[in-house]
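The shown structure was predicted, so the numbers you read here are calculated from the model rather than taken from an experiment.
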Amino acid sequence: AQTVTQSQPEMSVQEAETVTLSCTYDTSESDYYLFWYKQPPSRQMILVIRQEAYKQQNATENRFSVNFQKAAKSFSLKISDSQLGDAAMYFCAYRTGMDSSYKLIFGSGTRLLVRP
Amino acid sequence: DTGVSQNPRHKITKRGQNVTFRCDPISEHNRLYWYRQTLGQGPEFLTYFQNEAQLEKSRLLSDRFSAERPKGSFSTLEIQRTEQGDSAMYLCASSPTGLDEQFFGPGTRLTVL
């Protein structure tokens, strides 16, 4: 069974600085997808960024980028120029590449605090 | 607002009672998912519908849990004979065919006394 591990329960960053959130996963599959979701306090979870395992190029979405290391089964999220609105729970998630399953397997999350 | 909606947002019940939650997905999203999130944890998958067909269920979905999506639109999640361990946030998400992104609702927070 696949598992996702986020070893940082909480991280803190100064506004305008850069922070990296860690995620590792365990799978025997070669085809899968990885995601970072953001859950602001009392608000809906939203997708931040996604990565297909077959793509070597790391995904980037504006201030958000990932460092995808397939051999190491590592998928970290870098947030540049941190803003107060980035404060939230961040969840790393895995989805199999099999067409028959679309469920997401989530890690336990990292709470990001942004200091003004 | 055309996002995923869930009702009620909060539910307090006594142990042993039955509860039902409703999820209205984004219009024309044929895939619908239910997750459960306990305090300090990430969401855990419960079940998945494609249109009206329930295609995948987690082992977490015991026989006290049942989910339906009768016409491929809204979905209900019922918990019978609630237990204190059922206290959690129940999240619904939807997605259209061909898109990986799941769009989440605000959740229903269940407290079992």
Tell me, yes or no, whether the heavy-atom count around [X] atom [atom1], taken from other residues, nucleotides or ligands under 6.0 Å, exceeds 12.
X	atom1	result
B/Lys57	NZ	no
A/Lys78	NZ	no
B/Glu68	CD	no
B/Arg15	CZ	no
B/Glu28	CD	no

Transitively linked via ILVMFWY side-chain contacts under 4.5 Å: [X] with [Y]?
X	Y	value
B/Leu39	A/Met89	no
A/Val4	A/Leu34	yes
A/Tyr94	A/Phe75	yes

Region of B/Leu91 that comes under 4.5 Å of a non-hydrogen atom in chain A =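 B/Leu91 touches chain A through side-chain heavy atoms alone.
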
ask   = With only heavy atoms counted, which part of B/Glu44 is less than 4.5 Å from chain A, the side chain, the backbone, both or neither?
value =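 Contact with chain A: none, neither part.
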
query = With only heavy atoms counted, which part of A/Gln6 is less than 4.5 Å from chain B, the side chain, the backbone, both or neither?
reply =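 The answer is neither part of A/Gln6.
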
ask   = Given a strict heavy-atom distance threshold of 4.5 Å, which part of A/Arg95 is in contact with chain B: side chain, backbone, both, or neither?
value =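 Side chain of A/Arg95 only, per the 4.5 Å heavy-atom cut-off to chain B.
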
query = Of all heavy-atom pairs between A/Phe106 and B/Pro43, which one has the smallest distance, and what is that distance?
reply =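 For A/Phe106 versus B/Pro43, the nearest heavy atoms are CD1-O, 3.3 Å.
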
task = Quick one: closest heavy-atom pair of B/Val4 and A/Gln44, and the distance?
result =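 Between these two residues, the closest heavy atoms are O-NE2, 3.6 Å.
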
message = To the nearest 0.5 Å, what is the distance between OG on B/Ser95 and CG on A/Leu104?
response =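 Here the rounded value is 9.0 Å.
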
ask   = Could you state the interatomic distance from CD (B/Glu101) to OH (A/Tyr33), rounded to the nearest 0.5 Å?
value =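 Output value for this atom pair is 14.5 Å.
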
key: Winner by heavy-atom pair count (cut-off under 4.5 Å) against chain A, out of B/Phe104, B/Tyr48, B/Phe103   =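 Answer, by heavy-atom pair count under 4.5 Å with chain A: B/Phe104.
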
inquiry  = Only pairs of heavy atoms separated by less than 4.5 Å count here; which of B/Gln41, B/Met89, B/Arg109 has the most with chain A?
reply    =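 Highest number of pairs under 4.5 Å: B/Gln41.
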
query = Is there a side-chain contact between A/Met45 and B/Tyr35, using heavy atoms and a 4.5 Å cut-off?
reply =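 Not in contact.
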
inquiry  = Under a 3.5 Å distance rule, please check whether B/Tyr33 uses its side chain to pair with a backbone N or O of A/Tyr102 as donor and acceptor.
reply    =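 Looks like no, no N/O pair under 3.5 Å.
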
